[in-house]
Amino acid sequence: MSLDALKSAIPDYAKDLRLNLGSVIGDSVLPQQQLWGTVLACAIASRSPRVLRELEEEANARLSPEAYTAAKTAAAVMAVNNVFHRTRHLLSDPEYGNLRAGLRMNVIGNPGVEKVDFELWSLAVSAINACGRCLDSHEQVLRKAGVDRETVQEAFKIASVVQAVGVTLDAEAILAE
């Protein structure tokens, strides 16, 4: 299981995805921890069993145990946050924004890795889950921490490609049945 196996599984009609997958991971300017934490969190958020199986092993080999766990944690906590905050935003009644959330999110304060890395992973997952409020929030934290726009964009480029590969391969698996 590997990045190469995943690329070779992408059908020819989606060869741009194959090239994009190779470039967003192989040519990324992100440090290894940021890169592979983003890849793992996005693979989880993609909900594609094939994508997760193919990328998890390499991510696990390239991340410290703490970063591996933190990337999975980012995907988990954003699964809650993205639905909750996106729903609050989409409802026309602004009073929902004044109600206490009552949801535990303690890990955001102490994720076990550099805060910037966790924020980057959270932003990438929020891109997949299409939560505008969360995207804005994480982007603002990253920018205030001195992270440049190019780095932020690298994270959502990875999210975009990983998600697209998952959609494509899952569709092909269903069509092959």
Side-chain angles (χ1 to χ4, degrees), residues 1-7 9 17 20-22 24-26 28-87 101-142 145 147 151-170 173:
M1 303 289 174
S2 69
L3 177 60
D4 288 335
L6 191 60
K7 289 190 318 191
L17 288 181
N20 286 332
L21 186 62
V24 298
I25 295 175
S28 179
V29 298
L30 295 177
Q32 286 293 295
Q33 180 166 297
Q34 286 183 356
L35 170 64
W36 285 100
T38 303
V39 169
L40 178 59
C42 289
I44 293 167
S46 77
R47 297 174 186 85
S48 171
R50 176 91 186 256
V51 167
L52 181 56
R53 275 194 307 272
E54 298 291 356
L55 295 176
E56 181 278 334
E57 187 175 335
E58 194 162 354
N60 192 14
R62 293 173 179 264
L63 292 168
S64 69
E66 297 81 12
Y68 177 82
T69 298
K72 293 192 318 181
T73 301
V77 76
M78 287 300 103
V80 174
N81 273 352
N82 294 157
V83 171
F84 182 80
H85 291 294
R86 184 178 63 236
T87 301
L103 299 171
R104 294 190 183 274
M105 314 266 174
N106 296 332
V107 73
I108 293 173
N110 186 15
V113 294
E114 293 292 324
K115 182 88 166 124
V116 165
D117 293 355
F118 193 82
E119 289 289 333
L120 196 68
W121 304 337
S122 297
L123 176 129
V125 171
S126 296
I128 290 173
N129 292 331
C131 181
R133 295 241 188 222
C134 293
L135 282 166
D136 281 343
S137 175
H138 295 294
E139 190 266 349
Q140 289 170 13
V141 170
L142 288 163
V147 175
T151 298
V152 172
Q153 182 169 290
E154 280 292 309
F156 65 81
K157 280 172 50 178
I158 293 167
S160 301
V161 173
V162 168
Q163 174 69 8
V165 170
V167 167
T168 302
L169 294 181
D170 289 354

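Only a predicted model underlies this, so the values are computations on that prediction, with no experimental measurement involved.
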Separation between [atom1] of [X] and [atom2] of [Y], rounded to the nearest 0.5 Å:
X	Y	atom1	atom2	value
Met78	Thr73	CE	OG1	11.0 Å
Leu63	Glu66	CG	CD	10.5 Å
Leu120	Phe156	CG	CZ	10.5 Å
Trp121	Gln34	CH2	CD	8.0 Å
Trp36	Asp117	CH2	CG	15.5 Å
Ser2	Glu57	OG	CD	8.5 Å

**Prompt:** Hey, mind stepping through Leu30 and Ile158 against side chain to side chain contact (heavy atoms under 4.5 Å, CB included) and telling me if it holds?
**Reply:** CA-CA 11 Å; Leu30 295 177; Ile158 293 167; 3.9 Å; yes
For a quick test of reading the model, state the closest non-hydrogen atom pair linking [X] to [Y] and the distance between them.
X	Y	result
Leu35	Val24	CD1-O, 3.9 Å
Ala71	Gly37	CB-O, 3.5 Å
Ala67	Val113	CA-CG1, 3.5 Å
Ala124	Thr38	CB-CG2, 3.8 Å

**Prompt:** Hey, mind stepping through Val77 and Phe118 against side chain to side chain contact (heavy atoms under 4.5 Å, CB included) and telling me if it holds?
**Reply:** CA-CA 11 Å; Val77 76; Phe118 193 82; 4.1 Å; yes
**Item:** Close side-chain approach of Asn81 to Val125, heavy-atom, < 4.5 Å
**Value:** no
**Item:** Criterion side-chain hydrogen bond (donor to acceptor under 3.5 Å, both in side chains) on Tyr68 and Glu56, from CA distance to verdict
**Value:** CA-CA 9 Å; Tyr68 177 82; Glu56 181 278 334; 2.6 Å; yes
**Message:** So does Asn110 get a backbone contact from the side chain of Lys115, meaning a donor-acceptor N/O pair under 3.5 Å?
**Reply:** no
Would you be so kind as to tabulate the donor-acceptor pairs closer than 3.5 Å made by side chains of residues 39-50, with sequence neighbours excluded?
unit_1, atom_1, unit_2, atom_2, d
Ser46, OG, Ala43, O, 2.8
Ser46, OG, Ser48, N, 3.2
Arg47, NH1, Ala45, O, 3.2
Arg47, NH2, Asn129, OD1, 3.4
Ser48, OG, Val51, N, 3.3
Ser48, OG, Asp170, OD1, 2.9
Ser48, OG, Asp170, OD2, 3.4
Arg50, NE, Glu54, OE2, 3.2

Indicate every side-chain donor-acceptor pair of residues 130-139 with a distance under 3.5 Å to a residue at least two apart or in another chain.
unit_1, atom_1, unit_2, atom_2, d
Arg133, NE, His89, ND1, 3.1
Arg133, NH2, His89, ND1, 3.0
His138, ND1, Glu119, OE1, 2.5

**Asked** Applying the side-chain contact (heavy atoms from CB on, under 4.5 Å) test to Leu6, which of Ile25, Val165, Val162 qualifies?
**Response** Val165
